[in-house]
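Nothing here was measured: the structure is a model prediction, and the numbers come from that model. Letters A, B, ... are given to chains in the order of the sequence lines, protein chains preceding strands, and every chain is numbered from 1.
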Amino acid sequence: MKIATFNVNGIKTRLPNLLEWLAREQPDVACLQELKALDAAFPVDELREAGWRSLWKGQRSWNGVAILSRGGEPLEIRRELPGDAADEQSRYLEAAVDGVVVACLYLPNGNPQPGPKFDYKLAWFERLIAHARTLVESEHPVVLAGDFNVVPTDFDIYNPRSWKKDALLQPQSREAYARLLAQGWTDALRQLHPDEAVFTFWDYFRQHWQRNAGLRIDHLLLNRRLAPALREAGVDTWVRGKERASDHAPTWVRLEPAAIRA
DNA sequence: ATGGCATATCCTATATGA
């Protein structure tokens, strides 16, 4: 079973790119972020014709998340992160898909920092940590997948120097991510590639893609019940090299079905 | 310290992203 996360940076302009990736890599479940589209603009028909069932939560211009499945229907568990009824940003979707609880999240960027956007990021992170606590020891297999907007360590970026003041590298952001992991989550990419620089995002500036000057900010975290099923993890970097690509590449894990059911 | 680029929208401009 292959579960992927992909920040598409606009579902409307990225649809051909997305369909090409889905057809070629055939993930069983795909979590999408940054739809940048209202619910009514989600391409549910095009995806259905390509064989994908969708659950989505849109928003005008910004944010927006979706969970796609080519197996069973994604069964909605919740469509917002608990803890702030006034938060109207579409950044969280949780569903049961083929026996796995899949949480698709788009953690706030937080720039510029310091400032209200960074405060919102840290507050959102605390809400995520509180909710994740209820999932990590679950008897069900759970994966937290998405764009966390955190570069966990200096090893997860081509060169931290020019990003030192960025919200993605701040000690508070990293401390929150480390505290989340410490609950018992397995960072799948790092677990299987401990000594390898792995990137999932290359910005559009200064030929960063051509120079492989990237960041690792898209993560898949497995709870204790699911971690033993982990077999492979990777990044479909070829997608980043396409015309009109998103600045993120799809990131994925492959899980042993028998170990999920066990 | 700034800007480089890409996207969406109330689009000869502005906000957001990371």
| Counting only side-chain N and O atoms of A:Arg14, is one of them less than 4.0 Å from OP1 or OP2 of B:dA6? | no
| said: Using atom C1' in both nucleotides, what's the gap between B:dG17 and B:dG3 to the nearest angstrom? | reply: 14 Å
| request: Would you kindly give the NZ-to-C1' distance between A:Lys12 and B:dA6, to the nearest whole Å? | output: 16 Å
| task | May I have the distance from A:Gln59 (atom CD) to B:dT16 (atom C1'), rounded to whole angstrom? | result | 12 Å
| task | Rounded off to whole Å, could you give me the CZ-to-P distance for the A:Phe118 and B:dG17 pair? | result | 14 Å
| task | With the side chain of A:Arg60 defined as its heavy atoms from C-beta on, choose the nearest nucleotide among B:dT9, B:dG4, B:dG17. | result | B:dT9
| remark: From CG of A:Asn111 across to C1' of B:dG17 the rounded distance in Å is 8 Å
| task | With the side chain counted from C-beta on, respond yes when A:Asp147 and A:Phe201 share a heavy-atom pair under 4.5 Å apart, and no when they do not. | result | no
| message | Would you measure the distance from the P atom in B:dG4 across to the matching atom in B:dT14 and give it in whole Å? | response | 16 Å
| task | Between B:dC5 and B:dA1, how far apart are the P atoms? Round to whole Å, please. | result | 22 Å
| request: Between A:Leu38 and A:Gly110, just flag the one whose closest nucleotide in DNA chain B comes earlier from the 5' side. | output: A:Leu38
| Just how far, in rounded Å, is P of B:dT14 from NZ of A:Lys36? | 19 Å
| task | Give one of base, sugar-phosphate or nothing for A:Asp218, where a contact means two heavy atoms less than 4.0 Å apart. | result | nothing
| task | Anything under 30° is parallel, anything over 60° is perpendicular, the rest tilted; go ahead and classify A:His208 against A:Tyr158. | result | tilted
| NA contact type, A:Tyr106, heavy-atom cut-off 4.0 Å: base, sugar-phosphate, or nothing? | sugar-phosphate
| Any side-chain donor paired with an acceptor under 3.5 Å for A:Asn111 and A:Lys117? | no
| What nucleic acid atoms does A:Asn149 come within less than 4.0 Å of, heavy atoms only: base, sugar-phosphate, or nothing? | sugar-phosphate
| request: Tell me what A:Lys117 touches on the nucleic acid: a base, only sugar-phosphate, or nothing, going by heavy atoms under 4.0 Å. | output: sugar-phosphate
| Closest to the A:Ser61 side chain: B:dA6, B:dG4, B:dA8? | B:dA8
| field | same_hphob_cluster(A:Trp21, A:Leu68) at 4.5 Å side-chain heavy-atom cutoff | value | yes
| So what does A:Asn7 hit on the nucleic acid, given a heavy-atom distance under 4.0 Å: a base, only sugar-phosphate, or nothing? | sugar-phosphate
| Phosphate-side-chain proximity, A:Lys165 and B:dA1, N/O vs OP1/OP2 below 4.0 Å | yes
| query | Between A:Arg91 and A:Phe205, who's closer to the 5' end of DNA chain B by nearest nucleotide? | reply | A:Phe205
| Tell me: CZ of A:Arg211 to C1' of B:dG4, nearest whole Å? | 12 Å
| note | Rounded to whole Å, the OH-C1' distance (A:Tyr204 to B:dA8) equals 13 Å
| request: Would you indicate what A:His248 reaches in the nucleic acid, counting non-hydrogen atoms under 4.0 angstrom: base, sugar-phosphate, or nothing? | output: sugar-phosphate
| task | Take atom P in B:dC11 and the same atom in B:dA6, then report the distance between them in whole Å. | result | 23 Å
| message | What verdict does the side-chain contact (heavy atoms from CB on, under 4.5 Å) test give for A:Asn9 and A:Lys36, after you've listed the backbone C-alpha separation in whole Å, the side-chain angles of each residue and the deciding distance to 0.1 Å? | response | CA-CA 7 Å; A:Asn9 190 10; A:Lys36 296 186 173 181; 2.8 Å; yes
| field | A:Thr200 and A:Asp218 side chains, donor-acceptor separation under 3.5 Å | value | yes
| field | Atom-pair distance (CZ on A:Phe201; C1' on B:dT16), nearest Å | value | 13 Å
| said: Can you check the distance between B:dC10 and B:dA15, where both ends of the measurement are the C1' atom (answer in whole Å)? | reply: 13 Å
